[in-house]
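Working notes, structure below.
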Amino acid sequence: METDTLTFMNPATGVKFGEVKMTTTAAVQNAVDEMRQSFAIWSAKPVKERIRILRKFQTLLIDKRDEITNVLNQDCGKSRQDGLIELFVTVDMLAQYCSQAPKWLKRKRVSSGLYLFKQCFVEYRPHGVVAVIAPWNYPLTLSLPPVLAALLAGNTVVLKPSEVTAATGVLIERLIQSVPELAPFVRVVHGGGQVGAALTQAKPDYIFVTGSTPTGKKILQAASEHLIPVALELGGKDAMIVLDDADIDAAARWGVWGAFFNTGQTCMAVERVYVIESKYEEFVQRSISYAKEFKTGYATDSDSPYSMGPVTDPRQVKVIESHLEDALAKGARVLTGGKDQGMFYNPMVMVDVNHSMRLMQEETFGPIMPIMKVKDEAEAIHLANDSAFGLGASVWSQNITHAKKVADQVQAASVIVNDSIAQFGIPMLPFGGIKDSGFGRTHGQEGLMQFTRPFGYAVGGAPIKWDIATILRENGHYDLATAIMGVVYGKNGKRYHSCSVENLTPNQKTPASNRI
Ligand code: NAD
């Protein structure tokens with residue numbers, strides 16, 4: 001592995017504030033083996049017992065809020081309030097999952113179909129050891145909710161946080177270890193892509209990945225060797241469509257928020273805006289004034305005056321700069337904002353952009369809001385769909401029917417009307433992607449149930465003679481089976497029935513020994 005320690009570096013100040021030893025390949029394997037051993041104990045606990053333990057963890061998260069927002073503040077450069085948003089979403093998610101899990105995970109009785117004398121059930125069983133591989137942009141809320149959902153479903157977990165925000169990974173490890181009833185069922189491994197790759201090779205039973213599309217493809221390929229199921233929550237290039245009947249001031253205000261919250265380092269950030277031409281000028285002007293209110297800077301107080309911190313990962317600066325350079329060379333203009341000092345930018349509103357630019361095609365993951373004029377909604381929808389990605393999108397209109405009609409035509413896994421980004425913060429809404437944004441879902445019932453495998457259970461006495469299914473299984477019942485199929489499923493049951501009854505009169509072809 002590259003080096004054996006990960007340094008904690010505050011991207012706002014450049015000051016080192018700690019380090020952690022990277023987990024070796026052997027220790028990664030040990031972590032998975034250990035979790036496989038402890039799986040039997042955790043999965044045997046009734047759901048209510050798991051909830052009781054996880055609620056202790058929920059209380060701990062609330063009690064430790066200041067420590068958590070302090071670490072997020074240093075690790076990412078984000079304000080303490082933005083860190084609290086991460087914590088809030090995590091706690092909300094856990095609370096709602098704890099209240100729904102008993103209902104969702106309960107064994108369900110299903111129809112036994114033709115097997116009239118059997119009872120059939122579906123049980124939702126855990127996979128075993130779940131690996132959670134997390135990114136750096138929301139290191140708490142993209143790590144803990146999948147870990148907690150997997151635990152609720154009865155799995156044990158190995159988490160690999162991002163190497164870029166390793167301090168948050170260490171904090172999560174410490175928090176989990178401080179709840180003795182939870183500690184034996186989660187392991188945290190530290191390191192970069194190589195540690196992540198070692199985790200895949202250690203053969204967990206399910207892998208939940210949040211990260212970039214290239215990383216997702218690599219993990220999927222590696223997992224396919226062992227046929228490990230994978231959920232991929234990948235990158236995005238979310239479109240915002242502003243229709244002519246939108247509240248333009250609200251669209252500009254919340255569009256700016258969606259573009260620059262967390263310095264644009266949000267998978268479902270507003271990465272491109274399409275505005276109908278009659279409202280374009282007004283939208284651009286209002287966006288500029290709201291972007292100017294979005295102050296850049298860093299403070300450690302809980303009430304920071306700054307809305308936008310630095311870019312967290314130095315590697316991302318290169319991506320932002322290359323998209324900017326390419327767009328400017330092709331005629332785009334920056335109307336406000338630009339590079340500040342260090343890793344800081346002022347929010348950039350850009351116009352005269354088009355789809356030949358990387359800025360409109362690739363994930364920028366930075367503080368740029370490119371706005372494009374379109375002649376009508378058909379063009380807006382066409383451009384929104386002209387993308388390899390399909391994570392989220394937003395549509396703005398004061399006419400909800402109109403908005404829904406447009407939303408239905410956008411290729412995305414979720415669409416929010418008259419707001420931006422907020423759908424991720426709604427615990428009961430499944431979130432995920434289509435196209436290059438991956439597959440699998442987090443949040444909602446689907447987000448919890450992915451950590452289970454449905455187990456089919458059919459029970460009853462030995463097959464009895466009059467059971468339709470027994471009749472079907474015995475030789476010589478072709479005609480009778482046809483009759484049954486016609487009566488039960490055919491469009492005109494009677495017709496099938498009468499023709500078959502004829503076939504069943506004495507002297508029919510069926511041997512006497514097989515008659516019922
Ligand atoms: P990344 O792909 O660089 O890394 C994600 C994680 O994968 C990290 O923990 C990394 O160490 C690990 N990793 C890298 N190579 C690996 C390998 N070969 N095997 C196993 N693990 C490996 O992503 P990032 O830069 O940390 O995060 C930003 C990306 O995540 C953006 O593309 C963003 O859109 C995406 N993201 C998606 C969602 C979503 O819900 N869809 C949410 C947040 C972020």
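Remember, it's 1-based here, ligands and their atoms both numbered in the order they're listed.
When L391, I133, T210, V132 are checked for heavy-atom proximity to atom 5 (C) of ligand 1, T210 turns out nearest. Nearest-heavy-atom check against atom 8 (C) of ligand 1 across G196, A134, P214 picks out A134.
At a heavy-atom distance under 4.0 Å, no atom of M268 approaches ligand 1. With a heavy-atom cut-off of 4.0 Å, N137 touches ligand 1 through its side chain alone. Counting heavy atoms under 4.0 Å from ligand 1, residue V209 does not touch it at all.
Closest to atom 41 (N) of ligand 1, if we only count protein heavy atoms, is L234 O, 2.7 Å. Annotation: atom 27 (O) of ligand 1 to nearest protein heavy atom, P135 CB, 3.2 Å. Nearest protein heavy-atom contact of atom 13 (N) of ligand 1 is T215 CG2, 3.6 Å. For atom 17 (C) of ligand 1, the closest non-hydrogen atom of the protein is G193 O, 3.6 Å. Protein heavy atom at the shortest distance from atom 42 (C) of ligand 1 is C267 SG, 3.0 Å. Scanning all protein heavy atoms for the shortest distance to atom 26 (O) of ligand 1 gives W136 CD1, 3.0 Å. In this structure, the protein non-hydrogen atom closest to atom 35 (C) of ligand 1 is G211 O, 3.2 Å.
Contact atoms of ligand 1 toward K160: 8 (C), 9 (O), 10 (C), 11 (O), 12 (C) (distance under 4.0 Å to a heavy atom of the residue). Ligand-side atoms of ligand 1 in range of G192: 11 (O), range being under 4.0 angstrom from any heavy atom. Every atom of ligand 1 is numbered from 1 in the order shown, and the set under 4.0 Å from a heavy atom of F365 is 28 (C), 31 (C), 33 (C), 34 (O). Each of the following atoms of ligand 1 lies closer than 4.0 Å to a heavy atom of E163: 8 (C), 10 (C), 11 (O). Listed by atom number, the atoms of ligand 1 under 4.0 Å from L142 heavy atoms are 42 (C), 43 (C). Atoms of ligand 1 found under 4.0 Å from any heavy atom of F431 (numbered from 1 in listed order, with element): 40 (O). Within ligand 1, counting atoms from 1 as listed, the ones closer than 4.0 Å to a heavy atom of S212 are 1 (P), 2 (O), 23 (O), 29 (C), 30 (O), 32 (O). The contact set between ligand 1 and E363, taken as ligand atoms under 4.0 Å from a residue heavy atom, comprises 31 (C), 32 (O), 33 (C), 34 (O).
F424 and F431 have perpendicular rings, their planes meeting at more than 60° on a 0 to 90° scale where under 30° would count as parallel. Relative ring orientation between F451 and Y206 is described as perpendicular, the plane-to-plane angle rising above 60° on a 0-90° scale split at 30° and 60°. Using cut-offs of 30° and 60° on the angle between ring planes, the pair W136 and F365 is perpendicular. Taking the six-membered ring where the residue is Trp, W257 and W254 present perpendicular rings, their angle passing 60° and hence far from 30°.
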Run the numbers on H355 and Y274 for ring-ring contact (aromatic ring centres under 6.0 Å, His included), then give the verdict. CA-CA 12 Å; H355 277 219; Y274 303 101; 5.8 Å; yes
Might you work through the salt bridge (Lys or Arg N to Asp or Glu O under 4.0 Å) test for R80 and D66, ending with a clear yes or no? CA-CA 8 Å; R80 301 262 310 271; D66 289 340; 3.8 Å; yes
Output, in order, the C-alpha distance, side-chain angles, deciding distance and verdict of salt bridge (Lys or Arg N to Asp or Glu O under 4.0 Å) for D352 and R333. CA-CA 6 Å; D352 298 343; R333 288 182 297 136; 2.7 Å; yes
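A salt bridge is defined here as a Lys NZ or Arg NE, NH1 or NH2 lying under 4.0 Å from an Asp or Glu carboxylate O, and K237 with E363 fails to meet this definition.
The environment of NZ in K435 is crowded: more than 12 heavy-atom neighbours from other residues, nucleotides or ligands sit within 6.0 Å.
The side-chain hydrogen bond (donor to acceptor under 3.5 Å, both in side chains) test with H190 is passed by exactly one of E173, E19, E163: E173.
A donor-acceptor pair is defined here as one N or O able to donate and one able to accept, closer than 3.5 Å; such a pair exists between the side chain of S224 and the backbone of Q221.
With rounding to the nearest 0.5 angstrom, the CD1 atom of I381 is 5.5 Å from the CD atom of E377.
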